[in-house]
Each structure stands twice: as C-alpha cells, then as structure tokens.
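Structure first, then comments.
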2 protein chains.
Amino acid sequence: MKPFFELLATCPDTGARAGVIHTDHGDIPTPNFMPVGTQATVKTLNAEQLAALGTDVMLSNTYHLYLRPGTGLINQAGGIHRFMGWTRPVLTDSGGFQVYSLSDLNKIREEGVEFRSHLDGSKHVLSPEDVVNAQAEIGADIIMPLDECMPWPCEKSYAEDSTARTSRWARRCLDTRGGVFEHHDYRQFLFGIVQGSTYEDLRRQSVAELVDMDFPGYSIGGLAVGEPKQQMLDLTELTAGLLPKEKPRYLMGVGFPEDLIRCVQRGVDMFDCVMPTRNARKGTLFTREGRLVIKNASYAEDFDAVDEQCGCPTCKNHSRAYLRHLLHVKELLGMQLATLHNLYFYLDLMRGLRKAILEGRFPEHRDAFFRDYRMATD
Amino acid sequence: MKPFFELLATCPDTGARAGVIHTDHGDIPTPNFMPVGTQATVKTLNAEQLAALGTDVMLSNTYHLYLRPGTGLINQAGGIHRFMGWTRPVLTDSGGFQVYSLSDLNKIREEGVEFRSHLDGSKHVLSPEDVVNAQAEIGADIIMPLDECMPWPCEKSYAEDSTARTSRWARRCLDTRGGVFEHHDYRQFLFGIVQGSTYEDLRRQSVAELVDMDFPGYSIGGLAVGEPKQQMLDLTELTAGLLPKEKPRYLMGVGFPEDLIRCVQRGVDMFDCVMPTRNARKGTLFTREGRLVIKNASYAEDFDAVDEQCGCPTCKNHSRAYLRHLLHVKELLGMQLATLHNLYFYLDLMRGLRKAILEGRFPEHRDAFFRDYRMATD
C-alpha cells in the first residue's frame, strides 16, 4: 500500500515542497488549497462544478454538520461523499473554531467544550472523543482533533494552560479510534493541531508533544486570528520547520493569495480559507494583478473578461459587464460565476506553485507572481 | 433560405402539432418550453448549465432589462446573446405585462404606457415604437409588440377598447422596423399578440386584425391571469384554431405541466412560465407523479433521487435528503439543484410530447402521462 504522504521535491533555497497525499478517495497533490464547504456544499457550486475546477480536496465544518443535518444523518447516507455526491477527498475540522467564534456561552473544561448553538440556543457538550466520533460518522478522509484556537492577543499563562490542554485532548482523540481508522468502508486519518498562540516556546512545546504522538499529519492552528502578518509568517516558518518532513502540514484558515505563496515558501502543504468564496459572493475577484471590485461603476461597460488569461468558466464565457450586472441586480448567478473564478484562481495558483517546485524554479515563479501582483494592504 | 417555421406533423385526433422554428441562433423544435431569464439569467443557472439541460430557447424580460442594465448597454455588448454568453435563441416579451403588474402608477394612453419603476420610482414612457427599438437593442431572435394584458375579470367595454388599442399598437410596432429586421448581424422576428380578455368575439376580432397584418408568428396573451382553468383551455383552443397553421403559436405565461400538455393538445407550439424556476427556489419539485415538497420532514432521511427515472444532473448525483438539507439550511446550491431538476422536467416533458406527435401517438402519450400524474388542484 502507498504511504499516506509522499514528499516528491523540496526547493533547495526555501522551505517549499511538493508531495502527494494518498487517500481512499484519491490523491491530493501538495501544496494544495481546500475550498470550504461549510454545510456540505461550497456555496453556490455543485459537486460537478467543483470537480471541473480541479478541486482535489474539499473542507467541511463539523460544527455546522453536527447541528444540521446532524452527523447521524450523514452516517446513514454512508458518509459525506455519498451524502453530497462528491467523490474526491474531504477534510473536516474539529468544530472547535466555530464553537469559540460562532456559538454563545461556550465553556471550556478539561472534559471538553460546552456551547449553545448559534441557531437555536440549544446546549451541547462535545468531548475530544465525541469530536472524533462525529467526524467518523461524517466520514472525511482527514479529520481534526478537538483543540482550542486562542484569540489574539492572549495572556501567556492562559496560553500555557490552553496549549497543554490541547495536547491532552489530542491524546484522547488519538486514543479514541487511533490515528488511522475505518468507520465507513475507507480509511480516515487524524491530524494533530499545533497551538501555542504567538509564543515560540509554546509552539515548540506543542510540536514536541504532538510529534511524540505520531499523527499521520499536522495542522498549524491558532494563526491568522488578528496577529500581525509578519508574526503569522514567522510562526508558520518556525512551526513548519519543527514538524517532521515526512508528514503533511496544513496551515488552518490562511489566506490571501500572497499568504499562500509565502507560506508554501515556509514549508506548508495544505491550506483552507473562506477568502476566495466569501469575497466572490461580495463581488471581490482575485486576479494576477490583485483584487478587482467588480461592482465598481468602471466595469459597467467593460466587455473584457475578468482576466483574459484565466482558464475559468467565467472568464471563458462572460464579461466584467455581465458579472457586474448580475451582482448589481443581486442575481444568484453573479455569486456563482464569481465563486467559480476565485476558486479557479486559488487552485490554479497552487497548481503553478507545485509545478514550479517540482521543476526546481520556485523562487523565480514566486518573484514573477509578485511582480504583477498588487498586494492587499495587511 | 429555410422558412421561419416548418410544420412537420399534426395529430389527426387533436390539435397537437410538431414543427421547427429556424432562427439565426439555431432551431427551436416545437412544441417547446422557454425557461424565463428575467434579468438576462435564468436564476441560479449559468448559460452552460442551461444549454446542458437541452434548453432550445430562453425568454427574457424587456421591462427588467430596460431598467437594468439598460438596453443601451446590451446593445453595446452586441445583443443579449453576447452579453450573457448564451448562443441559442432568445425571445423577449414587450415589457407590457411587467408594466401593468410590477410598476406603480401606470397610465395607458393611445401614445403608449407611462409608468414608474418598481425599483426607484423613476418615470418612464414607452410607446409601441420604443418597445420595438428597445428589443432591437436587446437583440432577441423573437420579439413582442406592446400590448395590454387585461386583468380578469374585465368589463366588456374596457376589453373592447383595450383589444382595439392592442391591435393599433401592433400595427405601429410592425411599421417601426417591419416583421423581420436586422439591427445586430442577425434577424429578429416580431410576433403579434392576441388579446380580447375572456370574450370570444373579441378574441376573434383580435386574431382577424393581427392575421391581417401577417406577423411571422402569433402569441396568445391575456390568459392564465385568474380566469377558471377550463376557460383558459377553451379560449386557447378557440384562438389557436383561428390562427394560421403555417405560423408558430406562443401561449404566454402558461403553466403547470398538465397545462402544457392540454394546450399542446389545443395547438400551441411555444410556452414560457416562471412555474418551474420559481417553484424550485421554494422547494417544490415537479415529477412524473406530481409535485413534491422537498422540505417536508418525510424526505429528511430519504436517500433516493427526487425521481429515479429522471435524467437531470440533480437526480443523477444527489438524494432527496441532500436537497432537503440544502434548502433547509438556505444554501444557494439547493435552489440551483432544484431549478436544474424542474427545468429538465419541463424540457423533457416537451421533448416527449414532440416525439409522440411526430410518431403519431400523442393521445396515448398524453393518457399515459395523466395516469401517473397527481394533478395540481386548480
């Protein structure tokens, strides 16, 4: 049997690397970006459209699926792939992030988290064991342990306690079903999530404790939560550098196109972010030159494609003027076409990075990108 | 050059007929159903999806396009096909129906209609000539003259005046650019619209006056506005029977699947209605057995397709449970998948009717449909 992860190439001048993750729903070439399908759908797109963009792996959110439609229903369907008609790999988060960010009155105890649903105020308790079992039912190929994503800034003493608890929770998650298990008729792999807030010693401690548990892969959590961009980059570099080379590394919730490149450079293999999809629905498009706010009046009579060189279905078939019209009159198709474009841009960006790494020209490729690209002010 | 319309077969026992309309954007096999793309998009679907369903011709609304994005912009784009990336035929209505139903303070004068926009209250005046010119700019293959769609019930004296005025407006529309003209680099065909409310003598008079003007095709307007279903059917039969056999007949704004069959039986060639698309967005699906309200709790754990025999992308890839989940949590994909199904159902229904007519078995085909089908109460 193939190993879970194969490292295929490493850039000699940076930390950038190319590899492939093997799952029972297919391969995930890395570096890669995971479109976010919160409620078992990447908003506005069907599974066929998502596949046609070249999506290799989709992320879905355990918190949302746990509340609606319920993990039991997805279990009955035979797992999320069958439930939503998506045949390629899926990754689910642990629900922890949403518990802290979305729900009311969450309480963190050693036993687990207690929270009230943001939908109806109903009370729920999720232990590390529950979180693994919920994700077993959902049936993603890659799953996450319960962790605490601390806010920024965070007192050192709180961060110490939280990081240690996240490690204890990781152990309990691992002990629930092991690092690799089968609940449906295919394997599911459990990652460890590195926390530690912005404290280098805590990041080191977190890595050491998790690596000791020997997870199939590692996530870098707790970043992109408000800290300065340079600090996010530095901590990513530090953390990735400490993680074992032979395991995949997933930086959670990052980010802008420029962030993906700078974090690939620092040794990250996997990303997820609502950035391309959420921005699309609001009319902000990503292009090789930077961001384009399509609702601006200047695009009203602009019959060019969003990006003439883009290979996405939107750019091939439609003009800026049409897209602006649709978003202006609040037609749902506008959101769909913008989502198609932004996701294609992100996925194509990752394909380009991977190819450059494999061909030994990552630094030139990165520099060429930044020459044309007008950065987001961050 | 091929004639605009070719009649290929007529059912010996009913008025049902099969034919083909030739336009410069392709052929329209008849009988056919036109999905409604009010604002230059069939809500939730892109042009590629619409074509993949087998849509032969799309309808768009002059009133909406006139207000946003403006017919001048569509003209600049080279017509609605290029503007929206749709290469097949398009039909536009005259805007008259929306003026009466949507706008505030509409006034009908011999010169034309005056109305206030439902969007911003701005005042507009549209003469019959303006309506033709606006549609020339939009560039649909088949266009409609300005008419008055009377409410039901309607006083005879008002109906007499209105029907006569609609005929005078039809003449002015015809005189504006002729029955066939080129504004962009392809032909546009102007239909006449039969009115007359529910008065047989006025219907007869309307047909006589319009046929005398020799339009390339005829629309049957002013029905399905609240009158009893049987009266709609009878008036459709009367009107269709009076219209010339060698011209296509378009029944405006009808209707349920059962209405399409009953009106094909009475000699109608073309239909349009928001029924499949609007119902889809609200979660009502049309099937061979009747209507299915997918949000019902009974479908929560139903992993069958909406209709196991249906060939639409939704039924091929997704379950009732998934569709219910999406609509329940208000995911836009739910509306897209439901729209795909309902439009496919309508289009497939029409394809089946046409094939049956061509093969000389329309009555049997109709009877088989009604055996399985639970009718809407109307």
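Because the structure is a prediction, the values reported are computed rather than measured. Residue numbers start from 1 in every chain, and the chains themselves are labelled A, B, ... in the order their sequence lines are given, proteins ahead of strands.
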Q: Answer with side chain, backbone, both or neither: which region of A:Leu326 has an atom nearer than 4.5 Å to a non-hydrogen atom of chain B?
A: side chain
Q: Step through the shown structure and confirm whether more than 12 heavy atoms of other residues, nucleotides or ligands are within 6.0 Å of CZ on B:Arg278.
A: no
Q.
Quick check for you: among A:Thr41, A:Thr314, A:Leu337, which has the greatest number of heavy-atom pairs under 4.5 Å with chain B?
A. A:Thr41
Q) Quick one: does B:Gln49's side chain get under 4.5 Å of A:Glu48's, heavy atoms only? A) no
Q) Okay, side chain of A:Glu301, backbone of B:Leu73: is any donor-acceptor separation there less than 3.5 Å? A) no
Q) Quick one: what part of B:Ala300 sits under 4.5 Å from any heavy atom of chain A, side chain, backbone, both or neither? A) backbone
(Q) As an exercise: rank A:Leu332, A:Thr44, A:Asn46, A:Asn317 by heavy-atom pairs under 4.5 Å with chain B and give me the winner. (A) A:Asn46
**Q.** Sub-4.5 Å side-chain heavy-atom contact between B:Met84 and A:His325
**A.** no
Q) So what's closer than 4.5 Å to chain B heavy atoms on A:His328: side chain, backbone, both or neither? A) both
Q) Quick one: what part of B:Ile74 sits under 4.5 Å from any heavy atom of chain A, side chain, backbone, both or neither? A) neither
Q) With only heavy atoms counted, which part of B:Gln76 is less than 4.5 Å from chain A, the side chain, the backbone, both or neither? A) both
Q) For chain A, which of B:Gln336, B:His318, B:Lys316 has the most heavy-atom pairs under 4.5 Å? A) B:Gln336
Q) Is the side chain of B:Tyr322 donor-acceptor paired with the backbone N or O of A:Arg82 at a distance under 3.5 Å, no angle test? A) no
Q. Which bit of B:Phe83 is near chain A, if near means a heavy-atom gap under 4.5 Å: side chain, backbone, both or neither?
A. both
Q: Just give me the residue among B:Thr38, B:Leu45, B:Leu333, B:Leu340 that pairs up with chain A most often, heavy atom to heavy atom, under 4.5 Å.
A: B:Leu333
